[in-house]
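Here, residue 1 is the first one in the sequence, and each next residue gets the next number. Just so it is clear, the values below take in all heavy atoms, side chains as well, and ignore hydrogens, waters and symmetry mates. This structure is a prediction, so every number in the text was calculated from the model and none was measured.
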Amino acid sequence: MTITEQLTALETERCRCVVEQDYQRLGDMLSPALIHTHIRGNVDTKESYLRFVSGLVESLELRREGLRVVSLGDTAAVMHGKQINRARKRGQTDELLLESMVTQVWALEADGQWRLAAFHASPLSAPPPPVAH
């Protein structure tokens, strides 16, 4: 399996984990050094990102389009493409459709597992209202 195939499969799995609230598996896919920049510019670590997705927001649908993977040798790659996220604040019914262009860095870590090390989303429309962390 090529790096592109491996990382595309991992990104599909990441999206599934967020929607199905499989935070154990999602945590396993994230680097301890994760830098996650949201669509509004707020930045999370691995721990604060997991608290954010498990406690504050609920993704009802999360998908990617037009993914491009650029290998940076054998241990790192950049992934870029559109992300569509249908989400709401936990405990509320109003939904938002968030479309963004996302750049990610995937790293092959010392244990031989690919993990998401950086995520940066740029809005394609008006950003959502802020969600207090």
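Remark: the backbone N or O of Gly27 is paired with a side-chain donor or acceptor of Lys46 at under 3.5 angstrom. Remark: side-chain polar atoms of Glu99 are not paired, donor with acceptor, to backbone N or O of Lys82 under 3.5 angstrom.
Across all non-hydrogen atoms, the minimal contact from Val18 to Tyr23 is O-OH, 4.3 Å. Scanning all heavy atoms of the two residues, the minimum distance from Trp114 to Leu10 falls at CB-CD1, 3.4 Å. Of all non-hydrogen atoms in Ile3 and Gly73, the two that sit nearest each other are CD1-O, 3.8 Å. The shortest non-hydrogen separation linking Ala107 to Ala117 is CB-CB, 4.3 Å. For the pair Val102 and Gln83, the tightest heavy-atom approach, listed with the atom from each and the gap, is CG2-CB, 3.7 Å. Minimum interatomic distance between Cys17 and Arg25 (heavy atoms only, all atoms of both residues): SG-CG, 3.3 Å.
A continuous path of Ile, Leu, Val, Met, Phe, Trp and Tyr side chains, each step under 4.5 Å between heavy atoms, connects Met29 with Leu116, placing both in one hydrophobic cluster. Neither Met101 nor Leu96 shares a network with the other; the hydrophobic side chains, linked directly or stepwise wherever heavy atoms of I, L, V, M, F, W or Y lie under 4.5 Å apart, form separate groups for each. Met79 and Leu124 are not part of a single hydrophobic cluster, where members link through side-chain heavy atoms under 4.5 Å apart. Cluster annotation: Val19 is not connected to Leu97 through the hydrophobic network of ILVMFWY side chains, with a link wherever side-chain heavy atoms come within less than 4.5 Å. Linking Ile, Leu, Val, Met, Phe, Trp and Tyr whenever their side-chain heavy atoms come within less than 4.5 Å leaves Ile84 and Leu98 in two separate clusters.
Applying the salt bridge (charged side-chain N to carboxylate O under 4.0 Å, His left out) test to every pair with at least one member in residues 65-79, sequence neighbours left out, gives these pairs: Arg63-Glu65.
For the atom pair CG of Asp22 and CG of Asp28, the computed distance is 8.5 Å after rounding to the nearest 0.5 Å. How far OG1 of Thr103 is from NE2 of His120: 8.0 Å, rounded to the nearest 0.5 Å. In this structure, OG in Ser31 is found 11.5 Å from CG in Leu108, a value given to the nearest 0.5 Å. One distance of note links CH2 of Trp106 with OG1 of Thr8; it measures 9.5 Å at 0.5 Å rounding. The line from OG of Ser71 to CD of Gln6 is 10.0 Å long, rounded to the nearest 0.5 Å. The structure places OG1 of Thr75 at 10.5 Å from CD of Glu109, a figure rounded to the nearest 0.5 Å.
With sequence neighbours left out, Glu11 forms a side-chain hydrogen bond (donor to acceptor under 3.5 Å, both in side chains) with Arg14, Arg64, Gln104. Every residue meeting the ring-ring contact (aromatic ring centres under 6.0 Å, His included) condition with His36, not counting sequence neighbours, appears here in chain and number order: His38, Tyr49, Phe119.
Heavy atoms from other residues, nucleotides or ligands lying under 6.0 Å from CD1 of Ile35 number 12 at most.
Considering only heavy atoms from C-beta on, Leu30 comes within 4.5 Å of Leu50 through its side chain.
The residue from Arg90, Lys89, Arg88 that alone fulfils the side chain to side chain donor-acceptor pair (under 3.5 Å) condition with Glu58 is Arg88.
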